[in-house]
Amino acid sequence: MTQKQILIIDDDEDLSLIISDMLESYGFGVTCAHNSEIAFELLSENTYQLILLDINLPDATGFEICKELRRVSTVPVIFASARTSETDRITGFDIGGDDFLPKPYSMKELLSRVNALLRRTYGFSREENIVTFGNVSVNFNSRSVTKNGESISLSLREFDLLAYLCGHLNTAVSKDRLLSEVWGAFSAVEPSTLTVHIRWLREKLEEDPADPKFIKTVYKVGYMLEVKE
């Protein structure tokens, strides 16, 4: 679908730059944080599809970051560290890590681990990155939406919200999950903001926004994009 965004949290700036250049050459979007403070700031304002996390950081441990992250997000995490004891590896998995890559590692192995984890988490990408429901078509490559063949203007956040619902068709997604995954894991956005954005999407995409056919409210849970086969 859209370009996968990866967050590297590592205080080794030279290594981060090398990894960033390699991943970007394969089409990923990459952001680097060299301490936990910057990492939490980034995570409160952005969403990422994968996090590469070192254990030893100047102001916290990767374990602490992962614990906080797992309270609000299921974003896949690869621990990459020179700490390779069995205890550290087990701790990494027990607190919610998805993979553990010991340093030093090759760029080829890192890329393979990243691709494998993304496939397990998000599935294989379709040849046509387009989802259609009713008279609405959502193109993830161009980040564009049409209704009855006419272009529909969506804000950045409106598109991201719609894209997340498209990625979870016919599945009830909780309000907390939508706020975490669309606005940022540690975002201070109020739930009413999500409600407003859902209303805006309905006004732009539904034939009758007051009686939506596709963007449904799931009582006491959240929202769902319902697309019948």
Side-chain angles (χ1 to χ4, degrees), residues 1-9 29-33 35-51 53 59-60 62-77 95-96 121-122 131 133-134 136 138 140 143-145 147 152-227:
M1 289 184 176
T2 53
Q3 182 188 48
K4 294 289 190 296
Q5 298 295 321
I6 296 176
L7 176 61
I8 299 171
I9 307 175
V30 184
T31 305
C32 298
N35 58 51
S36 67
E37 182 180 359
I38 295 173
F40 284 127
E41 282 182 19
L42 290 167
L43 286 164
S44 70
E45 298 171 357
N46 306 279
T47 58
Y48 301 94
Q49 281 69 57
L50 184 142
I51 294 175
L53 178 58
D59 56 347
F63 295 146
E64 291 168 331
I65 292 175
C66 188
K67 283 181 182 178
E68 286 298 307
L69 190 61
R70 281 294 172 260
R71 292 173 51 222
V72 292
S73 176
T74 58
V75 61
V77 172
I95 63 175
T121 306
Y122 305 103
V131 168
F133 53 95
V136 175
V138 184
F140 296 94
R143 290 182 63 89
S144 61
V145 179
K147 181 180 178 182
I152 300 294
S153 178
L154 297 184
S155 70
L156 174 66
R157 202 68 74 181
E158 285 171 347
F159 185 89
D160 288 345
L161 175 57
L162 179 61
Y164 194 84
L165 291 172
C166 284
H168 298 77
L169 290 177
N170 301 315
T171 302
V173 184
S174 72
K175 295 177 181 179
D176 287 344
R177 175 58 50 81
L178 287 169
L179 287 168
S180 169
E181 301 297 341
V182 176
W183 273 267
F186 298 98
S187 174
V189 173
E190 296 292 328
S192 59
T193 300
L194 172 60
T195 304
V196 170
H197 279 72
I198 289 289
R199 187 178 77 240
W200 288 342
L201 283 178
R202 285 171 173 165
E203 289 173 351
K204 293 180 179 181
L205 304 179
E206 297 277 2
E207 293 299 328
D208 182 2
D211 184 23
K213 184 179 179 181
F214 302 107
I215 305 173
K216 300 290 189 70
T217 298
V218 182
Y219 183 61
K220 289 189 176 181
V221 179
Y223 300 97
M224 171 174 66
L225 182 60
E226 185 176 84
V227 180

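All residue numbers refer to positions in the sequence shown, counting from 1.
Counting heavy atoms from C-beta on, the side chains of Val227 and Val136 never come closer than 4.5 Å. A 4.5 Å side-chain heavy-atom check between Glu226 and Val218 finds every atom pair outside the cut-off. You'll find the side chain of Asp176 stays beyond 4.5 Å of the side chain of Val72, heavy atoms only. Taking the side chain as every heavy atom from C-beta outward, Ile51 and Leu43 approach each other to under 4.5 Å. Contact of the Asn46 side chain with the Thr31 side chain is not registered, since no non-hydrogen atoms from C-beta on lie closer than 4.5 Å. When side chains are defined from C-beta on, Phe40 counts as touching Ile65, because their heavy atoms get closer than 4.5 Å. Between Leu201 and Leu154, the closest side-chain pair of non-hydrogen atoms falls below 4.5 Å. A heavy-atom distance below 4.5 Å is not found between the side chains of Leu194 and Val189.
Taking SG from Cys32 and CG from Leu7, the interatomic distance works out to 8.0 Å, rounded to the nearest 0.5 Å. Note: Phe133 CZ to Leu225 CG = 5.0 Å, rounded to the nearest 0.5 Å. Here CE of Met224 is found 11.5 Å from CD1 of Ile215. Values are rounded to the nearest 0.5 Å. With rounding to the nearest 0.5 angstrom, the CG atom of Asp59 is 8.5 Å from the CD1 atom of Ile38. Distance CZ/Arg71 to SG/Cys66: 12.5 Å, rounded to 0.5 Å. Within the model, atoms CZ of Arg202 and CG of Asp211 stand 9.5 Å from one another, a figure rounded to the nearest 0.5 Å.
In terms of heavy atoms, Ala185 sits closest to Leu69 at CB-CD1, 3.9 Å. The shortest heavy-atom contact between Tyr164 and Val173 is CE2-CG1, 3.8 Å. Between Glu206 and Lys213, the closest heavy-atom pair is OE1-N, 2.9 Å. The shortest non-hydrogen separation linking Thr47 to Gly184 is CG2-N, 3.8 Å. Nearest heavy atom pair, residue Cys166 against residue Phe140, reads CB-CZ, 3.5 Å. The minimum heavy-atom distance between Gln5 and Val30, with the atom names listed, is OE1-N, 4.3 Å.
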>> Quick one, Phe214 with Leu169, criterion side chain to side chain contact (heavy atoms under 4.5 Å, CB included). Give me CA distance, side-chain angles, the key distance, then yes/no.
In response: CA-CA 10 Å; Phe214 302 107; Leu169 290 177; over 6 Å; no
Task: Step-by-step salt bridge (Lys or Arg N to Asp or Glu O under 4.0 Å) determination, Glu64 to Lys67 - done: CA-CA 5 Å; Glu64 291 168 331; Lys67 283 181 182 178; over 6 Å; no
Self-check item: CA sep, side-chain torsions, deciding dist, call: Ile9, Ser36, side chain to side chain contact (heavy atoms under 4.5 Å, CB included)
Solution: CA-CA 8 Å; Ile9 307 175; Ser36 67; over 6 Å; no
| Between Thr121 and Val75, does a side chain to side chain contact (heavy atoms under 4.5 Å, CB included) hold up when you go through it step by step? | CA-CA 9 Å; Thr121 306; Val75 61; over 6 Å; no
Discussion item. Applying side chain to side chain contact (heavy atoms under 4.5 Å, CB included) to Leu178 and His168, what does each step give before you reach the verdict?
Written reply: CA-CA 11 Å; Leu178 287 169; His168 298 77; over 6 Å; no
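Identified under the salt bridge (charged side-chain N to carboxylate O under 4.0 Å, His left out) test for residues 155-169, with sequence neighbours left out: Arg143-Asp160, Glu158-Lys204.
A donor-acceptor pair under 3.5 Å is absent between the side-chain atoms of Arg70 and the main chain of Ile95, judged by distance alone.
Every residue two or more places apart in sequence or in another chain was checked for a salt bridge (Lys or Arg N to Asp or Glu O under 4.0 Å) with Lys175, and none qualifies.
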